[in-house]
Amino acid sequence: MKKTKAFVISHESNPARTEDNKSMSIIALTLTRALGREGVDVVRVHPNLFDYSLSSRYCASVETCPNFYESEEDLLRFLQDLSSRYPGKKVLIPASDDCSLFLAKHEDEIPKEFILLNPSANTMEWVKNKRLQYELATATDVAIPETYFPACEKDVFDLSKSLTDFPYIIKPIEAQKWRLSNYANVAVGQKAITVNTADEMLAEYQRIARHDKNVMIQEIISGRDENLFTFLAYCSDEHKPLAYCIRKKLRQYPVDFGY
């Protein structure tokens, strides 16, 4: 009897990567190692062979796929062909929020031979959109940082005159967007841009808004990188954690707001 294969699909935010400028799909690598150590055959599905994580000894095989940022239709056709080339049970696991959203949006078009471990498209919209996240947190009395969602430059100007507890940060409502290659000059490798004065806030917003107007302004929660903890859980329909872990960040680059 053939074993179930796990297909771990990841994406490439910069399709122009070369052998001299490799990327690293950290989540995909972690999934590959965890499943491989349990004896599961892992097939990595990724659009760029120059990704460091593809060299893991736990990769049973690697399939170079189309990048859904360029063509979702091409990737769907690729998955159809992939399904036919690997008979037997197959589990398709996304290794990023964007991959998860892609699978959720096209759930009805994904070959039925793949077992999907994935939230719904509606759930993924709540996950990736910080404004929706914070609205949900506020509605359920979960504490959040002081946060503002300016709609235009005038909103930022008015806000800059009323805020006193600088510094603040400006960051995207959808974090994944700033990881894309065409936003490299906006994010400069960081998750957020620190502003130390009212004038700096307005100037940075004007610069960023030329590329992305969907941003948020937020207070900074102080503390070193190693004080960042995350609770990760897989929950039942009754919201009970069936499996969970606590992650402590050791370091990030750049310091404070890096990846």
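Counting heavy atoms from C-beta on, the side chains of Val156 and Ile170 never come closer than 4.5 Å. At least one side-chain heavy atom of Asn196 sits less than 4.5 Å from a side-chain heavy atom of Thr194.
Linking ILVMFWY residues whenever their side-chain heavy atoms come closer than 4.5 Å, directly or via other members, leaves Val40 and Val62 in distinct clusters. In this structure, Ile110 is a member of the same hydrophobic cluster as Val45, with clusters built from ILVMFWY side-chain heavy atoms closer than 4.5 Å.
Identified under the ring-ring contact (aromatic ring centres under 6.0 Å, His included) test for residues 195-248, with sequence neighbours left out: Phe231-Tyr244. The salt bridge (charged side-chain N to carboxylate O under 4.0 Å, His left out) pairs that include a residue from residues 201-219 are Lys177-Asp212, Glu204-Arg207, where partners are two or more places apart or lie in different chains. Sorted by first and then second residue, the salt bridge (charged side-chain N to carboxylate O under 4.0 Å, His left out) pairs involving residues 99-120 (not counting sequence neighbours) are Glu72-Lys105. Among pairs with a residue in residues 145-166, those fulfilling salt bridge (charged side-chain N to carboxylate O under 4.0 Å, His left out) read Lys154-Asp158, at least two apart in sequence or across chains. Listed by first then second residue, pairs satisfying salt bridge (charged side-chain N to carboxylate O under 4.0 Å, His left out) with a partner in residues 121-143 read Lys128-Glu174, Arg131-Glu135, not counting sequence neighbours. Residue pairs satisfying the ring-ring contact (aromatic ring centres under 6.0 Å, His included) criterion with at least one member in residues 84-111, sequence neighbours excluded, are listed as follows: Phe7-Tyr86, Phe68-Phe102, Phe102-His106.
Other residues, nucleotides and ligands place no more than 12 heavy atoms under 6.0 Å from the CZ atom of Arg57.
Every residue was checked against the salt bridge (charged side-chain N to carboxylate O under 4.0 Å, His left out) condition with Asp98, not counting sequence neighbours, and none meets it. Annotation: salt bridge (charged side-chain N to carboxylate O under 4.0 Å, His left out) contacts of Arg37 (sequence neighbours excluded): none. Partners of Phe157 by ring-ring contact (aromatic ring centres under 6.0 Å, His included), not counting sequence neighbours: none found. Under the rule for a side chain to side chain donor-acceptor pair (under 3.5 Å), the partners of Ser53 that lie at least two apart in sequence or sit in another chain are Arg44, Asp51.
Cluster note: Leu101 groups with Met124, Val127 through ILVMFWY side-chain heavy atoms spaced under 4.5 Å, whether in direct contact or through intervening members. Residues Tyr134, Ile144, Phe149, Ile173 make up the rest of the hydrophobic cluster containing Met216, defined by ILVMFWY side-chain heavy atoms closer than 4.5 Å, directly or through other members.
The minimum heavy-atom distance linking Ile217 with Met201 is given by the pair CG2-CE, 3.8 Å.
By the 4.0 Å N-to-carboxylate-O rule, Glu238 lies too far from Lys240 to be salt-bridged with it.
To the nearest 0.5 angstrom, Phe114 atom CZ is 5.5 Å from Leu79 atom CG.
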